[in-house]
Amino acid sequence: VSSSLRVPSVQNLTFQVTMTHDIYNPSTGKLQWWNPYLKSISFNSGYSGSFKIPVGTYSDVPDDPLSGEISSRIVQYSISQRYTETRSSGRTSISNWIDFGVQLSITKNWKMSYRQNYNIRGKESTEKVIELHRDLHCWEGSFTWIPDGSRQGYYFRLNVKLLPDIKFEKSESGIRDALFGGISSF
């Protein structure tokens with residue numbers, strides 16, 4: 001039996017609890033309708049938002065209506081937390097994670113993002129991902145770099161926007177290269 005509770009969205013904030021119960025006692029196999037066995041529980045919460053940072057003036061061209069106005073870039077961010085406890089065969093496994101991400105439009109056509117996962121129980125950063133994206137009018141390009149961990153490597157992609165299957169890709173990482181060879185094109 002599964003149950004879930006989600007708090008109605010408070011501005012930019014999420015909270016959810018999910019539980020799974022077994023109505024049969026795992027030790028005896030007897031039905032325990034009024035006292036079900038808790039198999040797992042999960043708490044998820046998150047916060048996201050955005051803000052603007054000033055980056056200079058638009059233009060110093062005379063007669064330009066935007067001349068002298070301060071330009072800004074939007075920064076989007078998110079942070080989330082996951083706690084899960086699972087019981088099976090008399091053992092309990094617990095995981096607790098924090099995920100953080102930020103995205104910045106560097107210019108009109110360039111975007112950069114950074115994501116990081118942190119294992120609270122293991123007291124270690126488990127994955128960092130840096131991505132660059134460039135709009136090239138009819139084309140778009142992206143570069144993803146994972147500096148460490150089991151997925152360490154990079155991924156580059158250049159494709160036609162309207163026909164994403166027309167692309168050039170190049171990647172190099174421990175798992176993907178071992179399985180797929182790391183290069184594909186048109």
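On a predicted model such as this, the values are computed, not experimentally measured, just so you know.
You'll find the side chain of Y77 reaches within 4.5 Å of the side chain of Y47, heavy atoms only. Contact annotation: the side chain of K167 approaches that of R157 to within less than 4.5 Å [non-hydrogen atoms, C-beta and beyond]. Looking at heavy atoms from C-beta onward, R121 lies out of side-chain contact with S95 at the 4.5 angstrom threshold. Counting heavy atoms from C-beta on, the side chains of F100 and Y118 never come closer than 4.5 Å. Between I79 and I98 there is a side-chain heavy-atom pair separated by less than 4.5 Å. The closest side-chain heavy-atom distance from D148 to K128 is below 4.5 Å. Here the side chains of M112 and Y114 are not in contact, with every heavy-atom distance at 4.5 Å or above. Taking 4.5 Å as the limit, some side-chain heavy atom of E127 sits within range of a side-chain heavy atom of R151.
Across all non-hydrogen atoms, the minimal contact from G141 to L158 is CA-CD1, 4.0 Å. For S171 against Y155, the heavy-atom pair with the smallest separation is CB-CD1, 3.7 Å. What you find for R73 and I106 is that their closest heavy atoms are NE-O, 2.8 Å. Nearest heavy-atom pair across W145 and G153 is CD1-O, 3.3 Å. Closest approach of G29 to Y24, counting heavy atoms only: O-CD2, 3.4 Å. Residues S42 and T84 come closest through the heavy atom pair OG-OG1, 3.5 Å.
F43 and W97 are members of different hydrophobic clusters when ILVMFWY side chains are connected at heavy-atom separations under 4.5 Å. Connection of L132 to L136 is established within a shared hydrophobic cluster, with ILVMFWY side chains joined at heavy-atom distances below 4.5 Å, either directly or through further cluster members. Residues F168 and I166 fall within the same hydrophobic cluster, defined by Ile, Leu, Val, Met, Phe, Trp and Tyr side chains chained together at heavy-atom separations under 4.5 Å. Residues F51 and L104 fall within the same hydrophobic cluster, defined by Ile, Leu, Val, Met, Phe, Trp and Tyr side chains chained together at heavy-atom separations under 4.5 Å.
Between Y154 and F143, the ring-plane angle classifies as parallel under the 30° and 60° cut-offs.
Ion pair D135/K111 not flagged as a salt bridge, since none of the NZ, NE, NH1 or NH2 atoms sits closer than 4.0 Å to an Asp/Glu carboxylate oxygen. Comment: E140 does not engage R134 in a salt bridge, judged by the lack of any side-chain N to carboxylate O separation of less than 4.0 angstrom. A salt bridge is defined here as a Lys NZ or Arg NE, NH1 or NH2 lying under 4.0 Å from an Asp or Glu carboxylate O, and R115 with D99 fails to meet this definition.
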Checking side-chain contact (heavy atoms from CB on, under 4.5 Å) for the pair V75/I53: CA distance, chi angles, key distance, verdict? CA-CA 7 Å; V75 177; I53 55 173; 4.1 Å; yes
Report the C-alpha separation of Q81 and N96 in whole Å, then their side-chain angles, then the decisive distance to 0.1 Å, and conclude whether the side-chain hydrogen bond (donor to acceptor under 3.5 Å, both in side chains) test is met. CA-CA 7 Å; Q81 179 272 334; N96 198 358; 2.9 Å; yes
Please test L31 against I23 for side-chain contact (heavy atoms from CB on, under 4.5 Å), starting from the C-alpha separation and ending with a verdict. CA-CA 6 Å; L31 179 65; I23 57 174; 3.8 Å; yes
Show your reasoning for whether side-chain contact (heavy atoms from CB on, under 4.5 Å) applies to T14 and N44. CA-CA 8 Å; T14 60; N44 299 300; over 6 Å; no
Carefully, step by step, assess T18 and I41 under the rule side-chain contact (heavy atoms from CB on, under 4.5 Å). CA-CA 6 Å; T18 304; I41 187 165; over 6 Å; no
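Interatomic distance, CG of N159 versus SG of C138, reported as 12.0 Å (0.5 Å rounding). Atoms CE and CG, from M19 and L5 in turn, are 7.5 Å apart once rounded to the nearest 0.5 Å. Between the NZ atom of K52 and the CD1 atom of I74 there is a distance of 5.5 Å, given to the nearest 0.5 Å. Atom CG of N117 is separated from atom CD1 of I120 by 11.5 Å, given to the nearest 0.5 angstrom.
Checking Q16 against S4 by side-chain atom types alone, a donor-acceptor pair falls below 3.5 Å.
The other members of the hydrophobic cluster of I146, by chain and number, are V129 (side-chain heavy atoms under 4.5 Å, ILVMFWY only).
Each of E131, Q76, H133 was compared with Q103 under the side chain to side chain contact (heavy atoms under 4.5 Å, CB included) criterion, and only Q76 meets it.
The backbone N or O of S48 sits less than 3.5 Å from a side-chain atom of N12, completing a donor-acceptor pair. A donor-acceptor pair under 3.5 Å is formed between the side chain of T28 and the backbone N or O of K30. In this structure a side-chain-to-backbone donor-acceptor pair under 3.5 Å is present from K161 to H137.
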